[in-house]
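Step one of this worksheet: look at the structure below.
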Amino acid sequence: MLRANDLKSTDHIGEKVTVRGWVYRLRKQKENTFVIVRDERGGIIQSVFPTNNISPNLTIESSVEVTGILNKDARAPEGGYEIRGTNLRVFNISDANYPIGEFQSVDLLLDNRHLTLRARKMIAVAKIRASVLKFARNWFITNDWMEITAPIIVKGAVEGGSTLFKVKYFNNDYAYLSQSAQLYLEAMVFSLGPVWSLTPSFRAETSRTVRHLSEFTHLEAEAPWVDLEDILKVQEQLVSYIVENVIIERQDDFALLKSDISVLKNTRPPFERISYEKAIDFLRSKDFTVVDGNGVNRKIELGDDLNIDSERELSKKHSRPLFVVGYPIAIKPFYVKEDPQNEGYGLTADMLAPNGFGEITSGGMREDNNLSITKKMEKEGLDIKSYQWYLDLRKYGSVPHGGFGLGIERLMRWITKIEDIKDTILFPRTMSRVSP
Ligand code: AMO
(Lines give C-alpha, C1' and ligand atoms only; values in the text may rest on other atoms or scores of the structure.)
Protein backbone atom coordinates (compact mmCIF):
# COMPACT_ATOMS: atom_id res chain seq x y z
CA MET A 1 0.00 0.00 0.00
CA LEU A 2 1.39 3.40 -0.98
CA ARG A 3 1.39 6.45 1.22
CA ALA A 4 0.53 9.96 -0.03
CA ASN A 5 4.14 11.11 -0.19
CA ASP A 6 5.14 8.07 -2.29
CA LEU A 7 2.86 9.44 -4.99
CA LYS A 8 4.49 12.85 -5.21
CA SER A 9 6.88 12.04 -7.99
CA THR A 10 6.40 11.41 -11.67
CA ASP A 11 7.06 7.67 -11.13
CA HIS A 12 3.41 6.72 -10.71
CA ILE A 13 1.71 9.13 -13.11
CA GLY A 14 -0.91 7.36 -15.18
CA GLU A 15 -0.85 4.33 -12.87
CA LYS A 16 -3.72 2.93 -10.86
CA VAL A 17 -2.93 3.68 -7.20
CA THR A 18 -4.61 3.07 -3.86
CA VAL A 19 -4.22 5.12 -0.67
CA ARG A 20 -5.82 4.59 2.72
CA GLY A 21 -6.48 7.26 5.27
CA TRP A 22 -9.02 9.72 6.66
CA VAL A 23 -11.02 12.43 4.95
CA TYR A 24 -9.07 15.55 5.75
CA ARG A 25 -11.03 18.03 3.63
CA LEU A 26 -14.15 17.55 1.55
CA ARG A 27 -15.16 19.97 -1.18
CA LYS A 28 -18.42 19.18 -2.91
CA GLN A 29 -19.18 20.79 -6.27
CA LYS A 30 -22.01 20.09 -8.64
CA GLU A 31 -19.99 17.84 -10.98
CA ASN A 32 -17.01 16.82 -8.90
CA THR A 33 -16.24 16.17 -5.26
CA PHE A 34 -12.71 16.64 -3.96
CA VAL A 35 -11.79 14.20 -1.21
CA ILE A 36 -8.49 15.15 0.36
CA VAL A 37 -7.06 12.23 2.26
CA ARG A 38 -4.65 12.30 5.19
CA ASP A 39 -2.75 9.03 5.30
CA GLU A 40 -1.52 7.15 8.35
CA ARG A 41 1.65 9.27 8.59
CA GLY A 42 0.00 12.64 8.03
CA GLY A 43 0.73 12.87 4.28
CA ILE A 44 -1.95 14.60 2.18
CA ILE A 45 -3.20 13.68 -1.29
CA GLN A 46 -6.19 15.01 -3.22
CA SER A 47 -8.61 12.72 -4.98
CA VAL A 48 -11.49 13.73 -7.18
CA PHE A 49 -14.68 11.78 -7.85
CA PRO A 50 -17.83 12.49 -9.84
CA THR A 51 -20.21 13.82 -7.20
CA ASN A 52 -22.84 11.21 -8.18
CA ASN A 53 -20.45 8.43 -7.12
CA ILE A 54 -19.89 9.79 -3.61
CA SER A 55 -22.13 8.98 -0.69
CA PRO A 56 -23.82 12.20 0.51
CA ASN A 57 -23.09 10.96 4.05
CA LEU A 58 -19.33 11.14 3.69
CA THR A 59 -17.88 13.30 6.47
CA ILE A 60 -14.54 14.69 7.65
CA GLU A 61 -12.46 12.01 9.45
CA SER A 62 -14.30 9.11 7.81
CA SER A 63 -11.79 6.33 7.16
CA VAL A 64 -11.48 5.54 3.47
CA GLU A 65 -9.54 3.77 0.76
CA VAL A 66 -9.21 5.71 -2.47
CA THR A 67 -8.34 4.01 -5.75
CA GLY A 68 -7.80 5.77 -9.05
CA ILE A 69 -5.36 7.00 -11.67
CA LEU A 70 -2.60 9.36 -10.53
CA ASN A 71 -2.47 12.64 -12.41
CA LYS A 72 -0.35 15.74 -12.22
CA ASP A 73 -2.51 18.80 -11.70
CA ALA A 74 -0.93 22.05 -10.58
CA ARG A 75 -4.16 23.05 -8.81
CA ALA A 76 -3.96 20.11 -6.40
CA PRO A 77 -2.61 21.02 -2.96
CA GLU A 78 0.82 20.01 -1.65
CA GLY A 79 2.80 19.06 -4.68
CA GLY A 80 0.24 19.16 -7.49
CA TYR A 81 -0.68 15.47 -7.66
CA GLU A 82 -4.23 14.18 -7.72
CA ILE A 83 -5.95 10.81 -7.90
CA ARG A 84 -8.75 10.61 -10.47
CA GLY A 85 -10.87 8.37 -8.29
CA THR A 86 -12.52 5.24 -9.61
CA ASN A 87 -13.38 3.60 -6.31
CA LEU A 88 -13.97 4.95 -2.82
CA ARG A 89 -14.20 2.32 -0.12
CA VAL A 90 -15.47 3.52 3.25
CA PHE A 91 -14.40 1.77 6.44
CA ASN A 92 -16.27 3.99 8.84
CA ILE A 93 -18.41 7.10 8.39
CA SER A 94 -17.23 9.54 11.03
CA ASP A 95 -19.79 11.20 13.27
CA ALA A 96 -20.55 14.58 11.71
CA ASN A 97 -19.80 16.42 14.96
CA TYR A 98 -16.04 16.03 14.87
CA PRO A 99 -15.07 18.29 17.78
CA ILE A 100 -11.77 19.59 16.41
CA GLY A 101 -12.05 22.62 14.16
CA GLU A 102 -9.82 25.54 13.41
CA PHE A 103 -10.45 27.94 16.28
CA GLN A 104 -10.83 25.93 19.43
CA SER A 105 -9.85 26.76 22.97
CA VAL A 106 -6.69 25.25 24.39
CA ASP A 107 -8.72 23.35 26.99
CA LEU A 108 -11.05 21.83 24.42
CA LEU A 109 -8.05 20.71 22.39
CA LEU A 110 -6.46 19.15 25.47
CA ASP A 111 -9.72 17.49 26.52
CA ASN A 112 -9.81 15.93 23.05
CA ARG A 113 -6.11 15.18 22.85
CA HIS A 114 -6.82 11.70 21.44
CA LEU A 115 -8.31 13.46 18.41
CA THR A 116 -6.12 16.59 18.40
CA LEU A 117 -3.15 14.30 17.80
CA ARG A 118 -4.49 13.81 14.26
CA ALA A 119 -3.84 17.48 13.49
CA ARG A 120 -0.93 17.86 11.15
CA LYS A 121 1.09 20.00 13.56
CA MET A 122 0.75 17.38 16.25
CA ILE A 123 1.70 14.67 13.76
CA ALA A 124 4.85 16.65 12.94
CA VAL A 125 5.68 16.95 16.64
CA ALA A 126 5.09 13.22 17.18
CA LYS A 127 7.38 12.39 14.26
CA ILE A 128 10.13 14.70 15.48
CA ARG A 129 9.81 13.08 18.94
CA ALA A 130 10.10 9.62 17.45
CA SER A 131 13.26 10.67 15.62
CA VAL A 132 14.74 12.26 18.76
CA LEU A 133 14.25 8.96 20.60
CA LYS A 134 15.58 6.96 17.67
CA PHE A 135 18.79 8.98 17.36
CA ALA A 136 19.30 9.04 21.12
CA ARG A 137 19.13 5.26 21.15
CA ASN A 138 21.41 5.07 18.07
CA TRP A 139 24.00 7.20 19.81
CA PHE A 140 24.13 4.97 22.87
CA ILE A 141 24.22 1.78 20.81
CA THR A 142 26.97 3.10 18.53
CA ASN A 143 29.06 4.17 21.51
CA ASP A 144 28.64 0.86 23.36
CA TRP A 145 26.47 1.96 26.28
CA MET A 146 24.10 -0.70 27.67
CA GLU A 147 20.41 0.05 27.96
CA ILE A 148 18.74 -0.89 31.23
CA THR A 149 15.21 -0.57 32.56
CA ALA A 150 14.81 0.70 36.11
CA PRO A 151 11.70 0.29 38.28
CA ILE A 152 9.01 2.94 38.33
CA ILE A 153 7.61 1.88 41.71
CA VAL A 154 10.26 2.83 44.26
CA LYS A 155 10.73 3.44 47.94
CA GLY A 156 12.96 6.51 47.92
CA ALA A 157 13.17 10.06 46.63
CA VAL A 158 15.99 11.13 44.35
CA GLU A 159 15.11 14.75 43.69
CA GLY A 160 13.69 15.80 47.05
CA GLY A 161 10.58 14.74 48.95
CA SER A 162 8.37 17.63 47.91
CA THR A 163 7.68 16.38 44.38
CA LEU A 164 7.02 12.72 45.19
CA PHE A 165 3.83 10.98 44.12
CA LYS A 166 2.89 8.54 46.86
CA VAL A 167 0.99 5.39 45.88
CA LYS A 168 -0.69 2.80 48.07
CA TYR A 169 1.21 -0.46 47.81
CA PHE A 170 -0.87 -3.48 48.84
CA ASN A 171 -2.04 -3.94 52.44
CA ASN A 172 -0.52 -1.24 54.60
CA ASP A 173 2.49 -0.39 52.59
CA TYR A 174 3.21 2.58 50.34
CA ALA A 175 5.65 3.41 47.54
CA TYR A 176 6.48 6.32 45.26
CA LEU A 177 6.56 6.87 41.52
CA SER A 178 10.17 7.23 40.39
CA GLN A 179 11.55 10.75 39.98
CA SER A 180 14.70 9.50 38.29
CA ALA A 181 16.34 6.16 37.45
CA GLN A 182 19.68 7.54 38.59
CA LEU A 183 20.18 5.44 41.74
CA TYR A 184 19.47 2.23 39.78
CA LEU A 185 21.78 3.30 36.97
CA GLU A 186 24.45 3.88 39.61
CA ALA A 187 23.95 0.30 40.84
CA MET A 188 24.37 -1.04 37.31
CA VAL A 189 27.72 0.61 36.51
CA PHE A 190 29.27 -2.09 38.75
CA SER A 191 28.15 -4.87 36.47
CA LEU A 192 27.61 -3.30 33.04
CA GLY A 193 29.90 -0.26 32.89
CA PRO A 194 28.35 2.70 30.99
CA VAL A 195 24.56 2.34 31.13
CA TRP A 196 21.56 4.37 30.09
CA SER A 197 17.79 4.25 30.37
CA LEU A 198 14.68 5.84 28.95
CA THR A 199 11.81 5.85 31.42
CA PRO A 200 8.99 8.11 32.47
CA SER A 201 9.85 10.16 35.56
CA PHE A 202 7.23 11.63 37.83
CA ARG A 203 7.25 14.93 39.67
CA ALA A 204 4.35 16.24 41.73
CA GLU A 205 5.18 19.76 40.58
CA THR A 206 2.84 22.32 42.05
CA SER A 207 4.18 25.08 39.82
CA ARG A 208 2.31 25.67 36.60
CA THR A 209 5.02 26.63 34.15
CA VAL A 210 5.57 26.14 30.45
CA ARG A 211 8.40 23.70 31.17
CA HIS A 212 7.09 21.40 33.93
CA LEU A 213 5.15 18.19 33.51
CA SER A 214 4.09 15.74 36.22
CA GLU A 215 5.23 12.89 33.99
CA PHE A 216 8.10 13.40 31.57
CA THR A 217 10.32 11.24 29.39
CA HIS A 218 13.68 10.92 31.05
CA LEU A 219 16.83 9.87 29.24
CA GLU A 220 19.51 9.08 31.81
CA ALA A 221 23.06 7.79 31.67
CA GLU A 222 25.74 6.80 34.15
CA ALA A 223 29.33 5.59 33.78
CA PRO A 224 32.16 4.39 36.04
CA TRP A 225 35.70 5.85 36.07
CA VAL A 226 34.78 9.21 34.60
CA ASP A 227 35.30 12.79 35.67
CA LEU A 228 33.02 15.79 35.25
CA GLU A 229 34.58 16.78 31.93
CA ASP A 230 33.92 13.26 30.53
CA ILE A 231 30.27 13.58 31.54
CA LEU A 232 29.96 16.96 29.83
CA LYS A 233 31.56 15.60 26.66
CA VAL A 234 29.09 12.71 26.51
CA GLN A 235 26.21 15.19 26.74
CA GLU A 236 27.66 17.45 24.05
CA GLN A 237 28.14 14.57 21.68
CA LEU A 238 24.78 13.01 22.37
CA VAL A 239 22.81 16.26 22.03
CA SER A 240 24.63 17.43 18.91
CA TYR A 241 24.22 13.99 17.30
CA ILE A 242 20.49 13.96 18.01
CA VAL A 243 19.95 17.50 16.73
CA GLU A 244 22.12 17.12 13.65
CA ASN A 245 20.27 13.99 12.53
CA VAL A 246 16.76 14.96 13.51
CA ILE A 247 16.84 18.18 11.49
CA ILE A 248 17.84 16.21 8.41
CA GLU A 249 15.36 13.37 8.88
CA ARG A 250 12.47 15.65 9.88
CA GLN A 251 13.11 18.66 7.67
CA ASP A 252 9.53 18.60 6.32
CA ASP A 253 8.03 18.37 9.78
CA PHE A 254 10.05 21.35 11.02
CA ALA A 255 8.86 23.23 7.92
CA LEU A 256 5.26 22.33 8.71
CA LEU A 257 5.76 23.75 12.21
CA LYS A 258 7.34 26.84 10.59
CA SER A 259 10.30 26.19 12.85
CA ASP A 260 13.55 27.58 11.51
CA ILE A 261 16.25 24.90 11.73
CA SER A 262 19.12 27.01 10.41
CA VAL A 263 20.32 27.93 13.89
CA LEU A 264 20.20 24.26 14.99
CA LYS A 265 22.79 23.43 12.34
CA ASN A 266 25.20 25.19 14.64
CA THR A 267 24.84 22.67 17.50
CA ARG A 268 28.43 21.46 17.33
CA PRO A 269 30.62 20.73 20.40
CA PRO A 270 32.28 22.10 22.38
CA PHE A 271 29.51 23.95 24.21
CA GLU A 272 30.55 26.92 26.29
CA ARG A 273 31.09 26.28 30.02
CA ILE A 274 30.43 29.04 32.51
CA SER A 275 30.90 28.64 36.24
CA TYR A 276 27.93 29.07 38.55
CA GLU A 277 29.78 31.95 40.22
CA LYS A 278 30.29 33.72 36.89
CA ALA A 279 26.64 33.12 36.05
CA ILE A 280 25.58 34.85 39.28
CA ASP A 281 28.03 37.73 38.57
CA PHE A 282 26.50 38.13 35.14
CA LEU A 283 22.95 38.13 36.52
CA ARG A 284 23.92 40.64 39.22
CA SER A 285 25.41 42.88 36.55
CA LYS A 286 21.93 42.86 34.98
CA ASP A 287 20.33 43.68 38.37
CA PHE A 288 18.54 40.36 38.20
CA THR A 289 16.20 39.82 41.15
CA VAL A 290 14.67 36.78 42.89
CA VAL A 291 11.87 36.40 45.39
CA ASP A 292 13.30 35.02 48.65
CA GLY A 293 11.66 32.61 51.12
CA ASN A 294 9.82 35.49 52.81
CA GLY A 295 8.32 36.73 49.54
CA VAL A 296 10.72 39.69 49.35
CA ASN A 297 12.15 40.69 45.98
CA ARG A 298 15.93 41.10 46.15
CA LYS A 299 18.99 41.04 43.92
CA ILE A 300 20.19 37.50 43.09
CA GLU A 301 23.22 36.39 45.12
CA LEU A 302 25.67 33.51 45.51
CA GLY A 303 23.86 30.51 46.93
CA ASP A 304 20.60 31.12 45.02
CA ASP A 305 19.39 28.47 42.61
CA LEU A 306 18.83 29.41 39.00
CA ASN A 307 15.21 29.52 37.90
CA ILE A 308 13.38 29.70 34.61
CA ASP A 309 13.93 33.49 34.34
CA SER A 310 17.62 33.53 35.26
CA GLU A 311 18.28 30.66 32.85
CA ARG A 312 16.49 32.59 30.12
CA GLU A 313 18.65 35.65 30.82
CA LEU A 314 21.82 33.53 30.73
CA SER A 315 21.06 31.72 27.49
CA LYS A 316 19.01 34.18 25.45
CA LYS A 317 21.96 35.58 23.51
CA HIS A 318 23.47 32.15 22.86
CA SER A 319 22.82 30.20 19.69
CA ARG A 320 24.33 26.97 21.04
CA PRO A 321 23.74 25.17 24.35
CA LEU A 322 25.94 26.11 27.29
CA PHE A 323 26.84 24.46 30.60
CA VAL A 324 26.58 26.13 33.98
CA VAL A 325 29.15 24.30 36.11
CA GLY A 326 29.62 23.96 39.89
CA TYR A 327 26.37 24.72 41.73
CA PRO A 328 26.47 25.17 45.52
CA ILE A 329 26.23 21.83 47.25
CA ALA A 330 23.57 23.23 49.60
CA ILE A 331 20.97 23.54 46.82
CA LYS A 332 21.67 20.13 45.29
CA PRO A 333 20.48 16.64 46.34
CA PHE A 334 22.36 14.21 48.61
CA TYR A 335 24.14 12.37 45.81
CA VAL A 336 26.14 15.34 44.48
CA LYS A 337 29.90 15.14 45.00
CA GLU A 338 31.63 18.15 46.49
CA ASP A 339 34.43 19.67 44.42
CA PRO A 340 37.67 19.04 46.36
CA GLN A 341 39.12 22.20 44.75
CA ASN A 342 36.15 24.40 45.62
CA GLU A 343 34.61 23.79 49.02
CA GLY A 344 30.86 24.22 49.22
CA TYR A 345 30.39 23.69 45.48
CA GLY A 346 29.48 20.49 43.65
CA LEU A 347 30.96 18.66 40.70
CA THR A 348 27.75 19.28 38.80
CA ALA A 349 26.58 20.97 35.65
CA ASP A 350 23.31 21.80 33.94
CA MET A 351 23.06 22.22 30.20
CA LEU A 352 20.99 25.23 29.17
CA ALA A 353 19.42 25.27 25.74
CA PRO A 354 20.15 28.45 23.77
CA ASN A 355 17.82 31.31 22.90
CA GLY A 356 16.36 31.41 26.38
CA PHE A 357 14.96 27.87 26.51
CA GLY A 358 16.79 27.02 29.75
CA GLU A 359 17.81 23.77 31.45
CA ILE A 360 17.59 20.56 29.44
CA THR A 361 20.03 18.34 31.31
CA SER A 362 21.42 18.06 34.80
CA GLY A 363 24.24 15.85 35.99
CA GLY A 364 27.64 15.42 37.52
CA MET A 365 29.82 13.29 39.75
CA ARG A 366 28.32 11.25 42.58
CA GLU A 367 29.33 11.49 46.22
CA ASP A 368 31.04 8.29 47.36
CA ASN A 369 31.40 9.01 51.06
CA ASN A 370 28.53 7.34 52.91
CA LEU A 371 28.85 9.64 55.89
CA SER A 372 28.29 12.79 53.84
CA ILE A 373 25.49 11.09 51.92
CA THR A 374 23.63 10.08 55.09
CA LYS A 375 24.14 13.53 56.66
CA LYS A 376 22.62 15.15 53.61
CA MET A 377 19.79 12.60 53.53
CA GLU A 378 18.95 13.44 57.13
CA LYS A 379 18.96 17.13 56.25
CA GLU A 380 16.58 16.44 53.35
CA GLY A 381 14.32 14.49 55.74
CA LEU A 382 14.73 11.23 53.82
CA ASP A 383 14.18 7.83 55.43
CA ILE A 384 17.66 6.28 55.40
CA LYS A 385 16.24 2.76 55.78
CA SER A 386 14.99 2.95 52.20
CA TYR A 387 18.48 3.73 50.91
CA GLN A 388 20.51 0.96 52.57
CA TRP A 389 20.98 -0.75 49.23
CA TYR A 390 22.22 2.52 47.70
CA LEU A 391 24.71 3.01 50.55
CA ASP A 392 25.94 -0.56 49.97
CA LEU A 393 27.19 0.58 46.57
CA ARG A 394 29.75 2.77 48.37
CA LYS A 395 30.59 -0.05 50.78
CA TYR A 396 31.49 -2.70 48.26
CA GLY A 397 34.06 -1.55 45.74
CA SER A 398 32.93 2.00 44.99
CA VAL A 399 34.50 3.77 42.01
CA PRO A 400 34.36 7.39 40.83
CA HIS A 401 31.25 7.61 38.70
CA GLY A 402 28.86 10.16 37.31
CA GLY A 403 26.03 10.71 34.89
CA PHE A 404 23.18 12.94 33.85
CA GLY A 405 19.48 13.17 33.05
CA LEU A 406 17.98 14.80 29.96
CA GLY A 407 14.31 15.75 29.66
CA ILE A 408 13.13 14.74 26.19
CA GLU A 409 10.28 17.27 26.28
CA ARG A 410 12.70 20.03 27.29
CA LEU A 411 14.87 19.19 24.30
CA MET A 412 11.76 19.12 22.10
CA ARG A 413 10.73 22.61 23.30
CA TRP A 414 14.08 23.97 22.28
CA ILE A 415 14.39 22.35 18.86
CA THR A 416 10.78 22.91 17.79
CA LYS A 417 10.52 26.33 19.53
CA ILE A 418 7.20 25.24 20.99
CA GLU A 419 6.83 27.36 24.10
CA ASP A 420 4.43 25.16 26.08
CA ILE A 421 5.95 21.81 27.08
CA LYS A 422 2.46 20.22 26.98
CA ASP A 423 2.62 20.40 23.19
CA THR A 424 5.83 18.41 22.97
CA ILE A 425 4.39 15.22 24.52
CA LEU A 426 1.47 13.19 23.25
CA PHE A 427 -0.68 12.89 26.37
CA PRO A 428 0.51 15.54 28.85
CA ARG A 429 0.14 15.12 32.61
CA THR A 430 0.08 18.28 34.68
CA MET A 431 -1.36 19.35 38.01
CA SER A 432 -4.75 19.82 36.42
CA ARG A 433 -4.70 17.07 33.79
CA VAL A 434 -4.53 13.27 33.89
CA SER A 435 -6.85 12.55 30.99
CA PRO A 436 -7.07 11.48 28.21
P1 AMO B 1 16.73 16.89 37.37
O2 AMO B 1 15.68 16.86 38.42
O3 AMO B 1 17.35 18.22 37.10
O4 AMO B 1 17.91 15.91 37.72
O5 AMO B 1 16.11 16.31 36.04
C6 AMO B 1 16.89 16.08 34.90
C7 AMO B 1 16.26 16.69 33.67
O8 AMO B 1 14.93 16.24 33.54
C9 AMO B 1 14.10 17.26 33.02
N10 AMO B 1 13.02 17.56 33.98
C11 AMO B 1 11.74 17.81 33.64
N12 AMO B 1 11.12 17.87 32.45
C13 AMO B 1 9.80 18.15 32.44
N14 AMO B 1 9.04 18.34 33.54
C15 AMO B 1 9.62 18.29 34.77
N16 AMO B 1 8.87 18.46 35.85
C17 AMO B 1 11.03 18.02 34.85
N18 AMO B 1 11.91 17.89 35.86
C19 AMO B 1 13.10 17.62 35.32
C20 AMO B 1 15.00 18.46 32.79
C21 AMO B 1 16.14 18.20 33.74
O22 AMO B 1 17.33 18.83 33.30
N23 AMO B 1 18.89 12.57 38.70
C24 AMO B 1 19.11 13.92 38.30
C25 AMO B 1 20.05 14.07 37.12
C26 AMO B 1 21.45 13.54 37.37
O27 AMO B 1 22.19 14.16 38.16
O28 AMO B 1 21.78 12.51 36.76
C29 AMO B 1 17.78 14.56 37.94
O30 AMO B 1 16.77 13.92 37.81
O31 AMO B 1 15.44 18.41 31.46
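Both counts, for ligands and for their atoms, begin at 1 and track the order of listing.
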query: Under 3.5 Å, is there a donor-acceptor pair between the side chain of Arg203 and the main chain of Gln179?
result: yes
- prompt: What atoms of ligand 1 come closer than 4.0 angstrom to any heavy atom of Thr361?
  reply: 22 (O)
query: Considering only heavy atoms, does His212 approach ligand 1 within less than 4.0 Å through its side chain, its backbone, both, or neither?
result: both
task: Would you verify whether the NZ or CZ of Arg120 falls within 45 degrees of the ring axis of Tyr24 while also being under 6.0 Å from that six-membered ring's centre?
output: yes
Protein contact of atom 23 (N) of ligand 1 - nearest heavy atom, named by residue and atom, plus distance: Gln182 OE1, 2.7 Å
- request: Among all protein heavy atoms, pick the one closest to atom 25 (C) of ligand 1 and tell me residue, atom and distance.
  value: Ser362 O, 3.3 Å
message: I want to know whether Phe334 and Tyr387 have ring centres closer than 6.0 Å.
response: yes
- request: Evaluate the ring planes of Tyr276 and Tyr345, with Trp represented by its six-membered ring, and classify them as parallel (under 30°), tilted (30 to 60°) or perpendicular (over 60°).
  value: tilted
- prompt: Taking atom 1 (P) of ligand 1 as the point of reference, which of Arg203, Gln179, Arg366 owns the nearest heavy atom?
  reply: Arg203
- prompt: Salt bridge check: are Asp6 and Arg3 linked by an N-O gap of less than 4.0 Å?
  reply: no
message: Are there over 12 heavy-atom neighbours, none belonging to Asp260, within less than 6.0 Å of that residue's CG?
response: yes
- line: for atom 6 (C) of ligand 1, nearest protein heavy atom and its distance come out as His218 NE2, 3.4 Å
message: Heavy-atom pairs closer than 4.0 Å: do any link ligand 1 to the side chain of Phe216, the backbone, both, or neither?
response: side chain
field: Protein contact of atom 16 (N) of ligand 1 - nearest heavy atom, named by residue and atom, plus distance
entry: Leu213 O, 2.9 Å
query: Which residue holds the protein heavy atom closest to atom 7 (C) of ligand 1, what is that atom called, and what is the gap in Å?
result: Gly405 O, 3.7 Å
- line: Quick note on ligand 1: atoms under 4.0 Å from a heavy atom of Glu205 include exactly 16 (N)
field: Residue among Leu232, Thr361, Leu322 satisfying side chain to side chain contact (heavy atoms under 4.5 Å, CB included) with Met351
entry: Thr361
message: In terms of relative ring orientation, are Trp139 and Trp145 parallel, tilted or perpendicular, with 30° and 60° separating the classes?
response: tilted
- prompt: Among protein heavy atoms, which lies nearest atom 31 (O) of ligand 1, and at what distance?
  reply: Ile360 O, 2.8 Å
query: For His212, does its backbone N or O pair with a side-chain atom of Thr209 as donor and acceptor, under 3.5 Å?
result: yes
query: Do the rings of Tyr176 and Tyr174 sit parallel, tilted or perpendicular, given the 30° and 60° boundaries?
result: perpendicular
Output field: ring centroids Trp389/Tyr184 closer than 6.0 Å: yes
query: So is Glu359 polar-close to ligand 1, meaning N/O to N/O under 3.5 Å?
result: yes
task: Check whether any heavy atom of Arg211 sits under 4.0 Å from an atom of ligand 1.
output: yes
task: Using a strict 4.0 Å cut-off to heavy atoms of Tyr335, name the atoms of ligand 1 that fall inside it.
output: 23 (N), 24 (C), 27 (O)
message: Considering non-hydrogen atoms of the protein only, which is the closest contact for atom 24 (C) of ligand 1, and what is the distance?
response: Glu159 OE2, 3.0 Å
field: Residue and atom name of the nearest protein heavy atom (relative to atom 20 (C) of ligand 1), distance in Å to one decimal
entry: Arg410 NH1, 3.6 Å
- request: Pull out every atom of ligand 1 sitting under 4.0 Å from any heavy atom of Ser180, numbered as shown with elements.
  value: 23 (N), 30 (O)
